[in-house]
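Worksheet for the structure shown next.
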There are 2 protein chains.
Amino acid sequence: MKKMNEKIDWRSICPISSALDVIGDKWSLLIIRDLIIHEALTYSQFLESPEQISTNILATRLDLLTRLKLIERVHPELASRNNAYKLTKSGKALEPVIKSLGKWAGKYRSI
Amino acid sequence: MKKMNEKIDWRSICPISSALDVIGDKWSLLIIRDLIIHEALTYSQFLESPEQISTNILATRLDLLTRLKLIERVHPELASRNNAYKLTKSGKALEPVIKSLGKWAGKYRSI
DNA sequence: CCGGATCCGGTCTGATACTG
DNA sequence: CAGTATCAGACCGGATCCGG
């Protein structure tokens with residue numbers, strides 16, 4: 001551990017390491033972005049996203065995000081066919097993060 | 001360093017995709033976090049971070065972030081020895097993103 | 001068809017050793 | 001101190017296959 005003698009609030013920044021399994025992955029964030037925009041999406045609807053995620057990657061990410069409880073099935077009682085995914089409460093709570101990220105990108109990474 | 005995936009550039013359309021070049025990578029984000037906290041750090045100081053980045057990864061990430069103009073050398077006129085890195089203006093502008101991410105992690109991901 | 005699972009070549013990662 | 005070189009293994013992603 002490093003010394004903590006700064007003015008910035010360390011505790012609001014340090015948990016970043018724990019968030020890395022979510023935001024440290026490109027595809028996971030894109031899935032969350034899509035769900036923020038569209039509320040609920042099926043497996044094949046994710047595949048239609050412009051970024052062209054491949055099926056195996058999508059499957060592993062959906063599984064990961066489900067186990068992390070950031071997303072969940074819209075109708076858990078149904079079979080997988082035509083079942084959609086939506087954000088959980090903690091998944092929705094990422095919206096400010098994604099929005100501030102989008103704001104930054106629009107300002108500093110526009111072409 | 002070469003581009004990792006040279007396909008159709010959807011990043012020009014979606015700002016989030018464009019931002020994922022930076023924050024879609026675990027180590028890049030940690031480097032930026034460290035620089036937000038410490039203002040300026042040398043190569044070996046990065047290596048002391050608790051996450052234990054390895055030397056080759058650190059070198060490639062510092063190079064990537066420099067080329068993206070998110071970080072820069074504190075004394076460009078000096079040789080690399082004892083030279084530190086700091087955030088550029090656009091790098092600093094990521095602070096709100098990182099803070100909101102930290103806030104989310106602190107609330108929804110137990111430390 | 002839909003929601004994945006499996007296979008496989010190629011790329012990237014990261015621990016370690018090494019160099020100026 | 002600030003990086004390279006190396007190399008095995010993990011991971012990505014495209015194609016294909018499979019169960020319901």
Side-chain angles (χ1 to χ4, degrees), chain A residues 2 17 20-32 34-35 38 40-68 70-86, chain B residues 1-11 17 20-35 38-68 70-86:
Chain A
K2 297 190 168 197
S17 301
L20 286 176
D21 41 3
V22 188
I23 60 93
D25 178 59
K26 166 189 175 185
W27 293 117
S28 300
L29 255 196
L30 285 175
I31 287 173
I32 291 174
D34 285 348
L35 286 178
H38 293 103
L41 291 171
T42 65
Y43 189 89
S44 50
Q45 285 177 318
F46 282 115
L47 292 178
E48 291 165 12
S49 261
E51 286 86 6
Q52 295 282 40
I53 188 172
S54 63
T55 62
N56 52 354
I57 302 294
L58 176 58
T60 58
R61 292 307 184 279
L62 288 177
D63 181 56
L64 172 69
L65 292 174
T66 301
R67 284 188 290 102
L68 291 174
L70 292 177
I71 65 175
E72 62 190 358
R73 290 185 186 269
V74 173
H75 299 294
E77 72 281 7
L78 294 182
S80 63
R81 175 175 278 243
N82 291 329
N83 207 337
Y85 296 86
K86 65 175 181 180
Chain B
M1 204 199 306
K2 56 188 172 183
K3 279 285 181 185
M4 299 188 181
N5 291 309
E6 202 66 34
K7 309 187 64 172
I8 302 178
D9 194 6
W10 290 101
R11 296 167 297 189
S17 295
L20 288 176
D21 284 351
V22 187
I23 65 102
D25 177 60
K26 167 189 175 183
W27 294 117
S28 301
L29 196 68
L30 285 175
I31 287 173
I32 291 173
R33 178 207 60 179
D34 284 348
L35 285 178
H38 291 103
E39 296 293 325
L41 291 170
T42 66
Y43 189 90
S44 52
Q45 285 176 319
F46 282 116
L47 292 178
E48 291 165 13
S49 264
E51 286 85 6
Q52 295 282 41
I53 188 172
S54 62
T55 61
N56 53 350
I57 302 295
L58 176 59
T60 58
R61 293 308 184 280
L62 288 177
D63 181 57
L64 173 69
L65 292 175
T66 300
R67 283 189 297 100
L68 290 175
L70 293 176
I71 66 175
E72 63 190 358
R73 290 186 186 268
V74 174
H75 299 294
E77 72 280 7
L78 293 183
S80 64
R81 178 172 281 244
N82 291 329
N83 207 336
Y85 296 86
K86 64 176 181 180

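Naming convention: chains lettered A, B, ... in sequence-line order (proteins, then strands); numbering from 1 in each chain.
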Query - For B:Thr66, all residues meeting side-chain contact (heavy atoms from CB on, under 4.5 Å), sequence neighbours excluded - result: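 So B:Thr66 forms a side-chain contact (heavy atoms from CB on, under 4.5 Å) with B:Ile71, B:Tyr85.
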Query - side-chain contact (heavy atoms from CB on, under 4.5 Å) involving A:Glu72 - partner list, sequence neighbours excluded - result: A:Lys86, A:Thr88
Would you mind reading off the distance between [X] atom [atom1] and [N] atom [atom2], rounded to a whole angstrom?
| X | N | atom1 | atom2 | result |
| --- | --- | --- | --- | --- |
| A:Asp21 | D:dA10 | CG | C1' | 17 Å |
| A:Leu58 | C:dC2 | CG | P | 14 Å |
| A:Leu62 | C:dC2 | CG | P | 16 Å |
| A:Gln45 | C:dG4 | CD | P | 13 Å |
| A:Gln52 | D:dC12 | CD | P | 17 Å |
| A:Ile53 | D:dA15 | CD1 | C1' | 16 Å |
| A:Ile57 | D:dA10 | CD1 | P | 16 Å |
| A:Asp63 | D:dC11 | CG | C1' | 16 Å |

Report summary line: Of the listed C:dG4, C:dA15, D:dC1, the closest approach to the B:Ser54 side chain comes from C:dA15
**Report entry** From D:dA2, D:dG14, C:dG4, nucleotide with atom closest to B:Thr42 side chain
**Finding:**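 Looking only at side-chain atoms, B:Thr42 lies closest to D:dA2.
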Requested in this report: Have a look at the helix from C:dC1-D:dG20 to C:dG20-D:dC1 and give the angle its two end axes make, five pairs each, rounded to 10 degrees.
Outcome: 20°
Contacts under 3.5 Å, N or O only, protein and nucleotides 16-19 of chain D:
none

Query raised in the report: Are A:Thr55 and A:Tyr43 side-chain neighbours, meaning at least one heavy-atom pair lies under 4.5 Å?
Result: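 With C-beta onward as the side chain, the pair touches.
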Report task. Kindly indicate whether the side chain of B:Leu30, heavy atoms from C-beta on, has any atom under 4.5 Å from the side chain of A:Leu20. Result ->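 Side chain of B:Leu30 against side chain of A:Leu20, heavy atoms only: contact under 4.5 Å found.
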Query raised in the report: What is the distance from atom NZ of B:Lys26 to atom CD of B:Glu51, rounded to the nearest 0.5 Å?
Result: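 Going from the NZ atom of B:Lys26 to the CD atom of B:Glu51 covers 7.5 Å.
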Query - CG on A:Leu64 to CD1 on A:Ile57, rounded to 0.5 Å - result: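 Here the interatomic distance stands at 11.5 Å.
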Query raised in the report: With sugar-phosphate meaning primed atoms plus P, OP1 and OP2, does A:Ser44 contact a base, only sugar-phosphate, or nothing at under 4.0 Å between heavy atoms?
Result: sugar-phosphate
Requested in this report: Have a look at A:Phe46 and say if it touches a base, only the backbone sugar-phosphate, or nothing, with a 4.0 Å heavy-atom cut-off.
Outcome: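 Here A:Phe46 touches no strand at all.
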Under the side chain to side chain donor-acceptor pair (under 3.5 Å) rule, collect the residues that match up with [X], sequence neighbours excluded.
| X | answer |
| --- | --- |
| B:Asn82 | none |
| A:Asn83 | none |
| A:Asn56 | A:Ser54 |

**Report entry** Set of salt bridge (Lys or Arg N to Asp or Glu O under 4.0 Å) partners for A:Asp25, sequence neighbours left out
**Finding:**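 Here the qualifying residues are A:Arg61.
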Query raised in the report: Can a donor-acceptor pair under 3.5 Å be found between the side-chain atoms of A:Asn56 and the base atoms of D:dG14?
Result: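 Answer is yes: a donor-acceptor pair is held.
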Between [N] and [X], is there an OP1 or OP2 to side-chain N/O distance shorter than 4.0 Å?
| X | N | answer |
| --- | --- | --- |
| A:Arg61 | D:dC12 | yes |
| B:Tyr85 | D:dG3 | yes |
| A:Trp27 | D:dC12 | no |

